[in-house]
Participant: 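Dumping the structure here so I can ask a few things about it.
Naming convention: chains lettered A, B, ... in sequence-line order (proteins, then strands); numbering from 1 in each chain. Quick caveat: nothing in here was measured; it's all calculated off a predicted structure.
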Amino acid sequence: MDIALDGAAVRFGEFQAVHPTDLTIRASEFFSILGPSGCGKTTILRLLSGFLDPSEGEVRIGGQPMAGIGPSDRPTALIFQNLALFPLMSVWENVAFGLEMRGWKKAQRRDKAHELLRMVALDGQADKLPGELSGGQRQRVAIARALAVEPAVLLLDEPLSALDLKLRQHMRAELKQLQKATGITFVYITHDQGEALTMSDRVAVMNRGWIVQVGSADDVYHRPETAFVATFVGETNRLPGRIETASDGKARIATPEGAFVAENPAGLSSGAEAILFLRPERLHLLAGRETPANTLTGKLVRRDMEGAFSTLVVETGAGQLTVQRVNAGTDPLPDGPLHLGFSDSAGVILPPGDTADD
Amino acid sequence: MTSLRRSFGAPLSAVIVLLTGIWVLGLIAAPQVIMIEQSFWRMDRPAGAAELSVRIDALYNRLDVLALDRAAAEKVKTPSSLNAELARLDAERAGIEAEIARLEAEESTPVKTWTLANYAQMGQAHLWIFAKTILASLAVTAIAFVVCYPIAYAIAKLEPPRRAALIMLALVIPYAINELLRVFAWQMILNYGGPLNAALGLVGIGPVPFLESGTGVFVAMVYAYILFMVFPLYNVLETLDTNQIEAARDLGAKTWQIHRRIVLPHARPGIAVGCIMTFMLSAGSYAVPYIMTRGTADPWFTQLVYNRFFQATNWNVGAAYAFSLLLVCTGFVFLMMKLLKVRLRDIAK
Ligand SMILES: Nc1ncnc2c1ncn2[C@@H]1O[C@H](COP(=O)(O)OP(=O)(O)OP(=O)(O)O)[C@@H](O)[C@H]1O
Ligand SMILES: [Mg+2]
């Protein structure tokens with residue numbers, strides 16, 4: 001089922017937790033909402049699940065206006081940030097809770113619960129209490145419990161944040177697969193950009209109650225529209241300066257490190273204050289006769305070995321840049337000054353604004 | 001023990017153990033043991049004790065008669081015969097006094113006999129009062145629970161925390177007033193000529209004998225002990241994760257289903273503590289029924305116990321009565337724990 005926010009906003013007294021938002025989530029889409037802590041992600045989810053009413057605007061699910069329809073009557077199921085399993089009920093009773101509330105007979109409930117538990121690979125644990133399970137297992141119980149009521153929309157509030165890295169990666173894959181298999185619309189909330197980028201069909205990036213950009217993972221990573229998105233999603237170098245010339249969607253920006261040509265999606269004109277954002281992996285060491293659009297020189301300060309690639313910290317005289325370099329094993333780092341370069345489509349020039357670290 | 005010594009050192013742990021021992025023995029064990037011991041014996045006078053006292057009384061009468069005889073003789077008799085008569089009377093008196101002393105010595109050593117008779121003393125009338133006290137206390141407990149559960153739930157889960165604290169404070173303040181004053185206030189309110197009956201009179205009802213019918217005892221007790229129900233309930237409900245309530249609602253639970261499946265099971269330890277406290281306090285209450293009924297309704301069992309001790313001055317029967325009450329209360333504690341599947345450990349928390 002598709003979801004539409006039509007100028008929906010949430011205010012808690014004087015505090016505007018979610019500013020008026022227009023947003024469409026398509027049916028059977030894996031949609032992520034990505035944003036820092038406190039930006040209003042949970043609030044949006046509570047708006048969709050019916051625990052909150054919009055203070056203005058409208059929420060529609062499957063084309064149906066949701067005003068006056070409570071959480072139990074919406075085609076949504078919510079997986080809570082802390083899972084909120086019922087600690088005094090066994091695992092299968094947890095999973096069957098929604099069915100119990102719908103008046104199913106005990107034998108049928110039990111069968112259905114076991115079926116769901118098999119699906120999440122937990123059929124041996126049906127009679128344990130949630131407290132006796134590991135974090136990942138509890139996670140899967142919560143998923144099975146939500147799926148039991150056959151929702152058209154599954155709302156997930158940072159469900160993996162309590163898990164360790166390995167398990168998190170494993171569960172990401174499982175969730176993605178589950179979403180494909182069931183065709184349920186997933187609205188997935190996270191503050192972990194890796195999670196959002198790998199799993200989602202589309203990502204909405206949120207900041208301070210605003211949805212600042214909606215797009216595919218590639219869009220938000222390679223084509224950020226604001227300084228906030230550029231800094232919040234992925235690592236990036238920042239080179240503040242002033243536009244010299246602008247034409248054809250590109251611009252030339254003068255920075256203390258030199259003047260560079262890069263994308264100009266915001267259509268900034270000459271004289272404007274701006275920042276050049278440049279991903280570490282788009283900056284590379286120049287070898288031989290290459291003549292990229294932009295070049296600069298610096299001194300190696302540090303090299304962090306990270307396995308598949310290394311991160312180089314380069315001092316340019318005006319500041320430090322990070323460069324990511326694939327470890328192909330053959331090419332040793334040159335002695336003396338490093339010559340760096342990047343193409344005119346590698347960087348993005350955006351007006352100054354909120355960034356992820358202030 | 002070793003861990004105690006490791007953390008506090010030998011002298012300090014000795015002191016701790018000693019103090020704990022004194023606490024357990026002196027404040028918990030000793031009073032109970034004394035009470036139980038008392039309840040299993042009585043002082044029996046030996047067989048024929050009644051006859052003995054009749055004889056002693058008769059001898060005292062005889063002494064009085066002798067004294068009269070002597071006075072009469074002193075007036076009438078000639079000196080010669082007087083002396084002989086007086087000597088005879090004195091001899092007789094000495095004999096009687098010796099006899100009295102002997103009999104009295106025999107009488108004043110009643111024998112301590114071990115017996116269950118103190119318990120059997122509880123006749124049908126007292127047994128009925130006992131049963132009624134227990135039933136009434138159960139009813140007070142039930143009413144207190146029904147009244148307090150919604151209050152505690154509303155404060156713990158529906159109010160923002162800061163206001164919840166204020167409401168709890170407001171609930172506590174009236175209890176800073178002496179219990180007797182509060183109960184007397186209720187007595188005045190519910191009295192035949194009290195404001196409540198006056199109000200009822202305005203709408204053409206009454207006057208209702210609240211106090212005489214025993215209703216007053218209920219009202220005052222529910223009022224007096226309601227805090228002991230509200231606090232444990234509030235404490236336990238406060239620890240309930242609100243997300244669980246919302247999760248249940250999201251999965252389609254109606255309000256009553258949420259309470260039955262989520263809130264009440266979570267609140268079990270608090271319910272147990274609240275019910276046990278309210279029941280114990282009601283069953284053991286002396287002042288509230290005493291003030292509220294003014295002797296116009298059936299007495300509360302504690303009043304019987306009191307009477308055994310201080311009016312019949314039969315401490316053994318009093319102890320037996322008190323111990324019966326204690327047994328039932330203890331039974332109630334275990335029953336509640338069994339019913340609510342609560343262990344002692346949960347309650348201690
Ligand atoms: N019931 C409420 N009353 C007042 N303010 C609230 C309420 N619920 C949330 N807020 C505020 O709204 C803002 C957004 O909260 P929200 O829970 O949506 O954040 P979030 O993005 O989910 O953060 P996190 O990643 O930490 O979970 C926060 O500043 C929070 O303090
Ligand atoms: Mg949140």
Participant: Return the minimal non-hydrogen interatomic distance between B:Arg261 and A:Phe97, and the atom names on each side.
Facilitator: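 In terms of heavy atoms, the two residues are closest at CB-CE1, 3.9 Å.
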
Participant: For A:Gln108, look at atom CD and say whether over 12 heavy atoms of other residues, nucleotides or ligands are found less than 6.0 Å away.
Facilitator: yes

Participant: In the structure I gave you, are the side-chain heavy atoms of A:Met101 and B:Arg249 within less than 4.5 Å of one another anywhere?
Facilitator: no

Participant: Which region of B:Asp241, side chain (C-beta onward) or backbone (N, CA, C, O), has a non-hydrogen atom less than 4.5 Å from a non-hydrogen atom of chain A, or is it both or neither?
Facilitator: side chain

Participant: Distance check, rounded to the nearest 0.5 Å: A:Leu88 atom CG versus B:Arg268 atom CZ?
Facilitator: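 Answer for the CG-CZ pair, A:Leu88 versus B:Arg268, is 6.0 Å.
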
Participant: So does B:Phe334 have more than 12 non-hydrogen atoms from other groups sitting under 6.0 Å from CZ?
Facilitator: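 For B:Phe334, atom CZ is not crowded (no more than 12 foreign heavy atoms under 6.0 Å).
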
Participant: Walk me through it: do B:Asp250 and A:Arg74 pass the test side chain to side chain contact (heavy atoms under 4.5 Å, CB included)?
Facilitator: CA-CA 8 Å; B:Asp250 191 52; A:Arg74 293 193 182 190; over 6 Å; no

Participant: In terms of heavy-atom contacts, does NE2 of A:His191 have more than 12 from other residues, nucleotides or ligands at under 6.0 Å?
Facilitator: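 Result for NE2/A:His191: open.
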
Participant: Relative to chain B, which segment of A:Phe51 carries a heavy atom at a distance below 4.5 Å: side chain, backbone, both, or neither?
Facilitator: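 For A:Phe51, the contact with chain B is made by the side chain alone.
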
Participant: Measuring from atom CE of A:Met89 to atom CD1 of B:Ile262, what distance do you get when rounded to the nearest 0.5 angstrom?
Facilitator: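 Answer rounded to 0.5 Å: 3.5 Å.
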
Participant: So which part of A:Glu93 gets closer than 4.5 Å to some heavy atom of chain B, the side chain, the backbone, both or neither?
Facilitator: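 Contact with chain B: side chain only.
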
Participant: Tell me, do B:His266 and A:Pro87 make a side-chain contact under 4.5 Å, heavy atoms counted?
Facilitator: no

Participant: If you measure from OG on A:Ser72 to CD on B:Gln257, what distance do you get to the nearest 0.5 Å?
Facilitator: 9.5 Å

Participant: Count the heavy atoms belonging to other residues, nucleotides or ligands that lie under 6.0 Å from CD of A:Gln64, then report whether that count exceeds 12.
Facilitator: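 Atom CD in A:Gln64 is not packed in, count stays at 12 or less.
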
Participant: Let me know if A:Leu85 has heavy atoms under 4.5 Å from chain B in its side chain, its backbone, both or neither.
Facilitator: backbone

Participant: In Å and rounded to the nearest 0.5 Å, what is the CG to CG distance from B:Asn243 to A:Leu78?
Facilitator: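 Reported value, rounded in 0.5 Å steps: 8.5 Å.
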
